Structures are given as structure tokens and as C-alpha cells.
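Everything below concerns the one structure shown next.
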Amino acid sequence: MKLGTKLIHAGVAPDPSTGAIMTPIYQTSTYVQSAPGQHKGYEYARTQNPTRDALQQALAAIENGNYGICFGSGLAATDAIMKLLNPGDEIIVSSDLYGGTYRIFTKVFARYGLKFHFIDMQDAGNINKYLNAQTKMIWIETPTNPLMKVIDIAACAQIAQQHNLLLSVDNTFASPYLQQPLDLGAHIVVHSATKYLGGHSDVVHGAVVVKDEALAQQLYFIQNSCGAVPGPQDCFLVLRGLKTLHVRMQRHCENGAAVANFLRRHAKVDKVYWCGFEDHPNHHVAKQQMRGFGGMMSFTLKNDSMEAAMKVLSSTHLFSLAESLGGVESLIGHPASMTHASIPREERLQNGLVDSLIRLSVGIEDVDDLLADLDNAIT
Ligand SMILES: *Cc1c(COP(=O)(O)O)cnc(C)c1O
């Protein structure tokens, strides 16, 4: 079955009690047993919920995995993956990553004895320099946030394979429509389903997808033991969002290309970071592992003062000034003070994330209106 069909049908069957075509929101905390221990596969809703089951199966199918495990947010999903590890273990992480991921690694899990190395992975060979007997995992985000660097997933998978490490890929920016990391050798895919999967800026949700059964059992154990589960209504919203992912992504890609090219030609714009440009340093990798280049991009102005950036950030009308990304509506953001404020400034600058950088999540509105809105704001 192809992706567009899976997005609509995977995991979803007519409801057994009514025939409802859409999986109902099973808003219940427990399930009645006919005799002690005799039940229909559902005992308590932290452990199992039919709405969540449908979504977990759908997510597994669309990432070409075998098991989906859902969480209350993308960071709760990341938290569960880290709990696979033990004190003393080391993780090699791509730099220029989501601020909240950096925060949970450095401020939470470092206290529990995990050691993180944040490195530039545009050349996957860099990973080799940080390997030792304690290394247990490689964690990558690609394209990176917000500088849109692209990391070669298959090359990382090869290193992980050689050294018996787990490779986790945060696939939030690309979505399974643009890139399927498990097919390239990753062991774990993690999503903030808050973004493209949900797609409508109306839910916070996270997901993990794996192929391996033993790994899945560990993650289900953590899901149930630690309890960061999503509610059934949130699962329903993500399940509904998935049904249009392919159609939305096509438009995100078209609009993204138009906006990136517009910015690049604009007299007042300096650098534009978008992996669809043929002269982007990692374009060849993007072309190889992605089906399109999406609607995420960042740019700087020729006037690199904070004042000029702030003026643009507060002058758009269709691009709403807000954190988050991946919804149908276009957003504009300022990584240094918003999504990436939890990363120390020196570290941000070292990675090229300057104070005046502006990030766009290009939505699926009529592109002419989006270009006019930007043109009007960048004066
Ligand atoms: C938003 C985001 C997260 C965190 O997800 P939440 O659902 O907000 O907890 C993780 N990774 C990336 C790339 C994100 O954009």
C-alpha cells in the first residue's frame, strides 16, 4: 500500500459496536471485566486505549515500522527514549537541534548520569571521533532546526550498525511524507506530532516508531510505567490530521519553494537557509533521502540589526508570530528569543544561529498572499 492510502486507512477499522467509520474517542479510564482477569484486551486506560491503539498502528504503518508508541508530547516521547539508557551511557547528538531537546538532555538527563556530545554531523564521519565504549546512541534531527542543515541518515546508520549503537531520528521537520528514517537504517523515529502530523495547531502530542519487537516492548513498558500517555481526544485529533498529511505536505513544499526563491531574490534579504536550493551545502543528501524540501526555512536581512529583524517579525499579518510549526497556517518566529532561548547564546552563535535570524513555517494558504505579506513586512 502506498503512503497516501496508508495515511487514510492504516490502523482504522469500522468501530465494532456501531460501524462508525472514524475511530471513536474512547473517553474512559477503565474497562469492565466479566470475571476477574476476563476482559476484552483493555484493563486500564494508561495501559491501553482503543483510540490510541488505532493511532499507534497508523503511525507504525506510515513510518514503515512495526510498532507505534504514543506520548503526551514530543518531549515526553524523547524522555521515554532516554529511559532506554543507563547512567554512564553516552549519546552523540547533532548540534543545532530543537531547544527543548537540548534542554531535556543537558538539564534533566545529564543529572542522571547520561553524557551528551553535541557535534556537527554534516559530515557523518565526525561521529567516529566521539565514539568510546560507553557510547550507546546517536541522536539526529534532520533537517536541523533552525539552520536547515541536512544529515545523511544512511551514513549515520552505517556507523551505528558497526558499533552496535541505536540511531534515533527526530523526524518532526520532514514528516514521513518527505523522509522515512527506518528505511534508511535508523532504529527509532521520534515525532512531535504537534507539528506536521497533527497539522492544525490544535494538539500537543508525541510519538515513537520502531521496527524491532524487543525495543518496542521496552518502550511500551516505559510508556505504561512512567505514564506520559496522551488522552484519547488528542489521539483522535492526530489520527484525523494524518489523513491529509500527503496533500498538506505537497502544498507546504510548493509554497516553501516559492517563498524561499522570493526571499533569495529580495534586495533586503541576506542569507536564506532552505535545503531545496541546489547550492545548499547538503542539497545532494537532501535530494537523496527526501522526497521534497518542505516549508521550513530561515533567513537573515542585509541589515543585520536586531531592530530590523524585530520590525519584520512584528509587521506580517498572515504569518503569525508564534512558536511551533507544521500547521496549515503560516508562522514566523525568532529562534534566539523563542524556540531556542534555552540554548546559551555563545553556543547558538557557535552554531551560526545569529540573534537576527528569522524562521518561517510556510503554511498552505494561497502563496501569492504569503509573498505579498512578506514583501510588505520586509521594507
Ligand atoms: C516541537 C518539537 C519537539 C518537541 O515536541 P513537543 O510536542 O512540543 O513536546 C521536538 N523536536 C522538534 C524538531 C520539534 O519541532
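Every value quoted in this text rests on a predicted model; they were computed, and no experiment measured them. Whatever order the structure lists them in is the order used to number ligands and atoms, beginning at 1.
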Notebook entry, point to check: Does the side chain to side chain contact (heavy atoms under 4.5 Å, CB included) test come out yes or no for Glu43 and Thr30, once each step is laid out?
Noted result: CA-CA 6 Å; Glu43 295 150 278; Thr30 191; over 6 Å; no

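For ligand 1, the polar-atom distance check finds no N/O of Glu141 at less than 3.5 Å from any of the ligand's N/O atoms. For a threshold of 3.5 Å applied to N or O pairs, the pair formed by Leu325 and ligand 1 contains no separation below that value. Residue Ser192 places at least one N or O, backbone or side chain, under 3.5 Å from an N or O of ligand 1.
Remark: minimum distance from atom 13 (C) of ligand 1 to any protein heavy atom is reached at Asp170 OD2, 3.4 Å. Residue, atom and distance of the protein heavy atom nearest to atom 4 (C) of ligand 1 are Tyr98 CE2, 3.4 Å. At the shortest separation from atom 1 (C) of ligand 1 among protein heavy atoms lies Lys195 NZ, 1.4 Å.
Close approach of ligand 1 to Gly74 is summarised as follows: ligand atoms under 4.0 Å from at least one heavy atom of the residue are 5 (O), 6 (P), 7 (O), 9 (O).
One side chain, Tyr26 or Asp15, offers a donor N or O that lies under 3.5 Å from an acceptor on the other. Side chains of Gln56 and Gln223: a donor on one and an acceptor on the other come within 3.5 Å. Looking only at atom types and distance, the side chain of Asn255 has no donor-acceptor partner in the side chain of Glu365 under 3.5 Å away.
More than 12 heavy atoms of other shown residues, nucleotides or ligands fall within 6.0 angstrom of atom NZ in Lys302.
In this pair, His340 and Tyr98 present their aromatic rings perpendicular. The plane angle is above 60°, beyond the 30 to 60° band.
Under the side chain to side chain donor-acceptor pair (under 3.5 Å) criterion, Glu329 pairs with Ser201, sequence neighbours left out.
Contact annotation: for Thr194 versus ligand 1, heavy atoms closer than 4.0 Å belong to the side chain alone.
Remark: distances from the non-hydrogen atoms of Leu97 to ligand 1 are all 4.0 Å or more.
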